[in-house]
Amino acid sequence: MLRDGTGKIQAFLKRDNMDEDIFAAIQATSRESTISITGIVAQKRPPNVAEGDPIPDPEFEISVTEGTILAVADAPLPVGVTDDVNVGLDIRLDNRHLDLRRSHVNAMFLLRSKVLEYGRVHLLSEGFQEINSPKIIAAAAEGGTNLFPMKYFDTDAYLSQSPQLYKQLAVLGGLERVFEIGPAFRAEKHDTYRHLNEFISFDIEGAWMDDEDVMGVQERMINFIWTEITENDMNLIDEINKYRISQDKEPVTVEIPSIPFPRVSYCEAIEIVKNGGGDIEWGDDIESHHCDIIAEKFPGFHFIPRWPMSMKPFYIHHKIEEKSENGGQLSRGFDLNYGRDEMTSGGQREHRVDILEGNLIDMGLDPKDFTFYTDGFRYGAPPHSGWGLGVARLLMILTGAGNVREVVLFPRDRSRVTP
RNA sequence: GCCCCGAUGGUGUAGUGGCCUAUCAUGCAGCCCUGUCGAGGCUGCGACCCGGGUUCAAAUCCCGGUCGGGGCGCCA
């Protein structure tokens with residue numbers, strides 16, 4: 001059996017058709033060795049089937065006349081490419097180059113490429129342009145998460161944890177609608193199925209748009225991706241499902257999510273969690289176990305808009321008249337969840353520099369420490385909004401992967417920096 | 001950072017104090033057969049994470065280490 005990037009086909013060897021030495025060499029070579037063959041493509045002899053059973057579609061094979069062994073594979077293989085045995089994720093990742101040869105793994109990465117392609121196509125169609133922002137930065141672009149420090153010649157620098165500031169500066173500069181697909185680095189010691197220390201973030205930012213506008217962009221983009229996959233790429237889903245069925249796992253289905261996605265405001269979400277028996281109060285974060293309760297009612301994509309301002313970063317916009325029933329200030333920040341998992345966080349940004357500085361003070365921060373951010377807003381700024389989406393998390397939904405590591409080529413987590 | 005769990009041939013596993021010179025599958029080696037088609041048959045190869053301890057006896061119990069898994073926090 002031969003396999004290359006485009007599929008697999010059986011090569012039929014017969015002593016009479018070829019040189020005896022070549023026949024013996026190919027017969028004797030190890031699994032996964034790389035060979036080149038010359039031969040005639042022919043329809044296979046039909047298999048014997050029991051009476052009454054349908055005759056399968058004709059298949060093709062190559063009747064080999066010549067061949068060369070290009071590279072011999074060592075044996076045994078550290079991970080079986082065609083073996084029936086299940087292999088642990090850690091061993092697979094140590095040998096990712098072999099793991100990728102497994103057809104369902106290969107299919108997952110083809111699908112990943114398609115998701116990025118369709119996302120791009122859709123954003124371009126809505127007038128967004130692709131940008132690239134620096135990943136080496138001098139200071140935090142966004143509060144909260146820990147940064148990886150690095151040496152930049154003689155000064156200290158960090159790996160960027162978000163393109164947030166730079167995509168905003170691009171919008172302020174008049175690029176109006178921008179998006180970026182790029183890496184983000186977070187020095188958090190988390191260890192879960194949905195976190196990595198390096199991940200690819202799908203980010204957009206648009207001028208003259210509010211939070212509702214960019215939620216619209218997002219749901220249309222996701223709807224477009226799902227639609228295109230349904231129309232063009234079900235062969236990849238089938239390949240994944242063939243494997244899943246062999247492992248007694250439920251096959252994945254691709255159901256195009258209808259738009260608009262439900263909006264479950266933060267205040268409603270709190271009520272749902274409370275009514276579902278969760279211990280939560282207005283002003284608390286909605287934690288994973290709370291999301292489980294919400295997901296019972298909203299198992300698919302759903303937005304959670306209008307978080308309390310106190311829980312969102314200083315750069316999120318708020319309208320002073322938008323308060324909760326208990327008088328708490330609401331914001332224009334939102335999340336997009338799928339079931340229990342957070343896919344996106346975004347919102348309308350604060351474009352007024354005096355309010356930006358007021359937000360910092362309200363949060364107990366010193367505006368002097370954030371001039372790298374606020375200085376960009378001193379010369380006029382349009383209202384604008386945006387979001388960041390975890391690409392691997394989206395892929396988890398489509399592929400049924402239980403871990404983001406499955407859909408990231410060479411994942412970087414707390415305990416893995418190789419290969 | 002917190003809580004829980006695990007480590008047996010290359011890979012995935014069975015085994016909870018003596019029945020283990022350790023199970024099964026896959027793999028590997030050799031042979032036979034074969035238009036077989038991720039084939040079939042036979043024979044063989046290959047493992048109890050490391051260091052201490054308890055015990056007449058440890059894969060199995062205890063302690064420490066290393067590595068890994070799951071959950072939480074935080075987030076995308």
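Not measured: the values here are computed from a predicted model. Scope of the values below: all heavy atoms of this structure, side chains included, with no hydrogens, waters or symmetry mates. Naming convention: chains lettered A, B, ... in sequence-line order (proteins, then strands); numbering from 1 in each chain.
For the segment residues 392-407 of chain A, the set of residues with a heavy atom within less than 4.0 Å of an atom of RNA chain B comprises A:R393, A:N403, in numerical order. Contacts between residues 342-350 of chain A and RNA chain B, counted as heavy-atom distances below 4.0 Å, involve A:E342, A:M343, A:T344, A:S345.
Taking atom P on both nucleotides, B:G10 is separated from B:C4 by 32 Å, rounded to a whole Å. Across B:C19 and B:U54, the matching P atoms stand 22 Å from one another, rounded to whole Å. For B:A7 and B:G12, the P atoms lie 13 Å apart once the distance is rounded to whole Å. B:G15 and B:U8 are spaced 9 Å apart, taking the C1' atom of each and rounding to whole Å.
The side chain of A:D90 approaches B:G69 more closely than any other nucleotide in the set B:G69, B:U11, B:C74.
The phosphate of B:C72 (OP1 or OP2) has a side-chain N or O of A:R340 nearer than 4.0 angstrom. For the pair A:R31 and B:C28, the criterion of a side-chain N or O lying under 4.0 Å from OP1 or OP2 is met. Dashed line: the shortest gap from a side-chain N or O of A:S288 to OP1 or OP2 of B:G73 is under 4.0 Å.
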Requested in this report: Show the numbers, then the answer: is there a salt bridge (charged side-chain N to carboxylate O under 4.0 Å, His left out) between A:E271 and A:K297?
Outcome: CA-CA 12 Å; A:E271 288 307 308; A:K297 254 182 127 167; over 6 Å; no
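Among the heavy atoms of the strands, none lies under 4.0 Å from A:V79. Counting any heavy atom pair closer than 4.0 Å across all strands shown, A:F202 reaches no nucleic acid atom. Backbone-only contact: A:I91 has heavy atoms under 4.0 Å from sugar-phosphate atoms and none from a base. Residue A:R414 is in base contact, counting any heavy-atom pair closer than 4.0 Å across all strands shown. Contact annotation for A:D285: backbone-only contact, meaning every heavy-atom pair under 4.0 Å involves sugar-phosphate atoms and none involves a base.
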Report summary line: Secondary structure of RNA chain B per the Watson-Crick/G-U criterion (both distances under 3.5 Å; [ ] crossing, | other strand, . unpaired) is (((((((..(((.....[.....)))((((((.......))))))...(((((..]....))))))))))))....
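Residue A:S30 is the one, among A:K312 and A:S30, whose nearest nucleotide of RNA chain B lies closer to the 5' end (criterion: closest heavy atom). Residues A:D413 and A:V391 both approach RNA chain B. Their nearest nucleotides, taken by heavy-atom distance, put A:D413 toward the 5′ side.
Of the N and O atoms on the side chains of A:Y166 and A:D203, not one donor lies less than 3.5 Å from an acceptor on the other residue.
At a cut-off of 3.5 angstrom, counting only N and O atoms as typed in the model, there is no donor on one side facing an acceptor on the other between the side-chain of A:H289 and the base of B:C72. Between the side chain of A:E287 and the base of B:G73 there is no donor-acceptor pair of N/O atoms closer than 3.5 Å.
Note that CG of A:L169 is 6.5 Å distant from CZ of A:F377, once rounded to the nearest 0.5 Å.
Few gaps surround CG on A:D366; more than 12 heavy atoms of other groups in view lie less than 6.0 Å from it.
Judged by distance alone, the side chain of A:R194 and the main-chain N or O of A:R393 form no donor-acceptor pair under 3.5 Å.
The distance between the ring centers of A:W226 and A:F301 falls below 6.0 angstrom.
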